[in-house]
Each structure stands twice: as C-alpha cells, then as structure tokens.
Amino acid sequence: MTDLFASPPADTPPSEPRDDGPLADRLRPRTLADVIGQEHLTGPEGAIGRMVAAGKLSSMILWGPPGTGKTSTARLLADAVNMRFVAISAVFSGVADLKKAFAEAEAMALTGRRTLLFVDEIHRFNRAQQDGFLPFVEKGTVTLVGATTENPSFALNAALLSRAQVLILHRLDAAALGELLRRAEEITGLRLPLTGPAREALVASADGDGRFLLNQAETLFDVSLTEPLDPDALSKFLMRRVAVYDKDRDGHYNLISALHKALRGSDAQAALYYLARMLTAGEEPLYVLRRLVRFASEDIGLADPQALVQCLAAKDAYDFLGSPEGELAIVQACLYCATAPKSNAAYVAQKEAWKSAKETGSLMPPANILNAPTRLMKDIGYGAGYAYDHDAEDGFSGADYWPEGMGAQHYYRPVERGFERQVRERMDWWERKRRERREG
C-alpha cells in the first residue's frame, strides 16, 4: 500500500494495530498483495513478484515519491521470503549503528538466518558511509533494500548502484487513492462527508501521496457534519487549498498538457491562462519551469535559440527571487515561448539519430578522422589523409565523415521559419559545396 507508518524495531513482527490507532496504521498491508498502486513491481511479472516467487532477493533501491509504499514493501519482502528484517534511518543513524547491524547480521548468518537491511532515506548517507555497505552486500551478509525520494543516479555511489537493482515506485494514481479511501471507509464503518466533486478534489490534493490522503481522511472522519462538504467548503475546512478538477480532467497532468498544447499553437493568451491555473492552484513553480525548458527545445529549437536562454534565465530568476516575485519571470518565459517561431526539427532529428545509432552502433568511423596518439595507430592508418577544414577553401573541406558502408544520413531538416531559415541556407550551401568538392 503506502509508506504510511514508522518501522517497528529490528527483527520483531509488526504488532496488531489497535482499533483506536491511527488510520494509516490500521490500514497497513499484511501481504504484498495488499500493496496498492505498485502492481508493476509486486505483481507476478514484476521484479519483486519474480524474486518472491523464486524465494531469493537481490539488493535493491526503492525510488519513489513520499507515501508510495517503500517502507511497507521492504518489510513485506522480508516476511515473504522469511528473512530477518532490520530497519535503520540514514537521518538518525551513523557508523556505529551500521557496524552493529552488520555484526548482528554476520552472527545470524552463522545460524542460517538471512538479514534484510532496510535503510530509509539512504541518499542522506555520505559517499564514505555508502561505501561501507559494499563488502557486506558483496559477501551476502545482508540483502540491502534502500529507500530514497532522490534520483539514485545523483544521490548514490556508482559502486553501490552496480550492486543493487533500482526499482521505481509510482506516485499513486486516482484509482489507487480512491481504493485507499474505500478501504478507510470499510475499516471505520464511516462514510466520508463529501460530495462527489469534493471527494475527487480530496484525491487530487494528495498528489499521489497515500499517507497524506489518509491523514486528511482521518480528520474528516473525526467531525460531525449536518451535510456533505463541497470542494470550497472542504478547502476551508482543511485549511489547505484543494485543487478542484472537473470530472473529465486528471489533475495537473491535464493542465500541463493544455499549457504545452497552447504554447505549441502560439496562443499566448490561453497559455498564460493555463499557467495561472497551475500556479494559483499550488503547482510547484520549478515543475512548470522544467516543462517550459523542455518545450523550448522540443517545439522551438533553433527556430529561436533564445527561447531556451529565456527559460533558463527565468529559472535563475525564480531561484533568486522566489514566490511571488519570481513568478513574473515564469510568465515572461511562457509568453516568449508562445510567441516564438516554432520548429520540432531538432526533436525529430534526435529521435531519428538515436534510432540509427542503435541500429548501426558497431560501425567504425572512417580511419582518416580518427585520432592517432601512438605510432601503432598511425601505422594502421589512423588520421591518414585527414583534411583540416580551416586550411581548405571557404574553411570547408567537404570530407565524408560517415562510417564505411552506411552512407550519409539526413536527420536534421530545418524549417523555413525563424532562425532555422538561415540554418537551412547554410546547410544547403555546405551540401552544394560538398558535392562540388567530391565531383571535382
């Protein structure tokens, strides 16, 4: 289900939740089959499902947003394969705690008991501390299960990543969050005092976080109301802005899609409207900025190279000013992108080049353009006959740079809009010169 509750002490079975205990604790999953929203991992064909079926776990990193089930999944994994479960937090633990955990695991291994070491927020350990896991993971003293909300590529050592499989937990979607509310109503015997639209707004406000949703639901169960709350009343009651989405929308993903489409369609007014909808509803400004940066590359490209510069400058301005002052820079970037000439030529070229590279990745470049730092490489022809373009007429040699047998490809085809018109003229000029030099 969700990472909703603190871990009990190491190697102790979870106690039965009290009837008057926190709702999240009472809804704690008892088996992996009870976990909500991560079927791509826990199902029969998922990585976790396959490991459990085989009865053997490999070390892994569980990467996902808060409230998606990382801690619960780790404990249930240990139960499923009859392993000893030890949990530590990188926030509160240090080297001494790790040494103790490793020593206990080695002692238990002598008795034939395997240990699953769960490390919450593993990204908070520094590089040296992360290196400390390596010998114990390699020897099999512990099976490491780390949990992180940060990108493992940046937060964890390469050596540790090479010894652990990264599994991505998804933010809980509306269906999964709805199932959580259904289970909450079933276990309490109560009905949430909400209208249909307010229930949808409550789910949308959780933004994929099951723990947050259950905390909000518990607050609503504790009050007596004469009539159900609508979205406006719910927002006031919870003292938190609740994003209201019509039934045919799916939260901010639809709004960001609408913003992107309005920008692509050069409708500055509509783009500004959807930008305002997102920011006033509490959307993270840096998320919007990331999408604008992507748009500048995907839908404008070299038709107006300044679009990317404007978006990155807006990000710097927002970082410097914060909200609300910095939001004006986001507006400026949005309007610039909406009114800029459009081209997806670079985006199309990237996809075609990537496809070509995967299909011909073993072909060697021609020998004449290879560097020859050693005598042997010179002797076998590396660099022989290379034409230095700056010494050629017009600074252009017209040489063939493609692998032998592949032939020249044409991935990038500039459009007749904006700056790409000039780029196209240059490329056409070079292509004419290239033919002339080769024919000559």
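FYI, the numbering just counts along the sequence from 1.
Between Arg437 and Asp394 there is a salt bridge, since a side-chain N of the basic residue sits under 4.0 Å from a carboxylate O of the acidic one. A salt bridge is absent between Arg182 and Glu185: the closest approach of a Lys/Arg side-chain nitrogen to an acidic carboxylate oxygen does not fall below 4.0 angstrom. Under a 4.0 Å N-O distance rule, the pair Glu283/Arg291 does not qualify as a salt bridge. The pair Glu436-Arg432 fails the salt-bridge criterion, with no side-chain N (NZ, NE, NH1 or NH2) lying under 4.0 Å from an Asp/Glu carboxylate O. Residues Arg434 and Glu431 are paired through a salt bridge, judged by an N-O separation under 4.0 Å between the basic side chain and the carboxylate.
Judged purely by atom type and a 3.5 angstrom limit, Ser72 has no side-chain atom pairing as donor or acceptor with the backbone of Gly69. Looking only at distances, a side-chain donor or acceptor of Arg30 sits under 3.5 Å from a matching main-chain atom of Arg28. Listed for the Gln129 side chain is a donor-acceptor partner under 3.5 Å among the backbone atoms of Asn126. For the pair Ser235 (side chain) and Asp232 (backbone), a donor-acceptor distance under 3.5 Å is absent. Remark: side-chain polar atoms of Glu420 are paired, donor with acceptor, to backbone N or O of Val415 under 3.5 angstrom. Side chain of Thr73 to backbone of Lys70: no donor-acceptor contact under 3.5 angstrom is found.
Here the closest non-hydrogen pair linking Leu23 and Glu218 is N-OE2, 3.1 Å. When all heavy atoms are compared, the tightest approach of Asp389 to Tyr401 is OD1-OH, 3.0 Å. Contact between Leu172 and Gly37 at its shortest, heavy atoms only, is CD2-CA, 4.0 Å. Scanning both residues, Ser59 and Val137, for their nearest heavy atoms gives OG-CG1, 3.6 Å. Heavy-atom minimum distance, Leu177 versus Leu213: O-CD2, 3.4 Å. Closest heavy-atom contact between Arg264 and Asp299: NE-OD1, 2.6 Å.
Contact annotation: the side chain of Met51 never approaches that of Val81 to less than 4.5 Å [non-hydrogen atoms, C-beta and beyond]. Taking 4.5 Å as the limit, every side-chain heavy atom of Leu117 sits out of range of all side-chain heavy atoms of Thr141. Residues Tyr412 and Val423 meet the side-chain proximity criterion, which asks for heavy atoms closer than 4.5 Å.
Rounded to the nearest 0.5 angstrom, Lys355 NZ and Tyr411 OH are separated by 9.5 Å. Between Ile300 atom CD1 and Cys311 atom SG the span is 7.0 Å, to the nearest 0.5 Å. Note that CG of Leu32 and CD of Glu39 are 11.5 Å apart. Values are rounded to the nearest 0.5 Å. In this structure, CH2 in Trp429 is found 5.0 Å from NZ in Lys433, a value given to the nearest 0.5 Å. Summarising the geometry, atom OH belonging to Tyr336 is positioned 14.0 Å from atom CG belonging to Leu263; distances are rounded to the nearest 0.5 Å. Note: Asn254 CG to Met278 CE = 10.0 Å, rounded to the nearest 0.5 Å.
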Between Glu425 and Arg421, is a salt bridge (Lys or Arg N to Asp or Glu O under 4.0 Å) present by the stated rule, with each step listed?
CA-CA 6 Å; Glu425 291 173 359; Arg421 182 181 293 110; 5.9 Å; no

Evaluate the criterion side-chain hydrogen bond (donor to acceptor under 3.5 Å, both in side chains) for residue pair Gln38 and Thr42; output intermediate values, then yes/no.
CA-CA 6 Å; Gln38 310 303 336; Thr42 60; over 6 Å; no

Do Arg294 and Glu298 pass the salt bridge (Lys or Arg N to Asp or Glu O under 4.0 Å) test, and can you show the C-alpha distance, the side-chain angles, and the key distance before you say yes or no?
CA-CA 6 Å; Arg294 169 68 185 191; Glu298 178 180 339; 3.0 Å; yes

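Residue Tyr382 qualifies as open at atom OH: its count of foreign heavy atoms under 6.0 Å is 12 or below. Surrounding CD of Glu138 are more than 12 heavy atoms belonging to other residues, nucleotides or ligands, all under 6.0 Å away. No more than 12 heavy atoms of other residues, nucleotides or ligands lie within 6.0 Å of CZ in Phe92, so this atom counts as exposed by the packing criterion. Heavy-atom contacts from other residues, nucleotides or ligands closer than 6.0 Å to CD of Glu404 number 12 or fewer.
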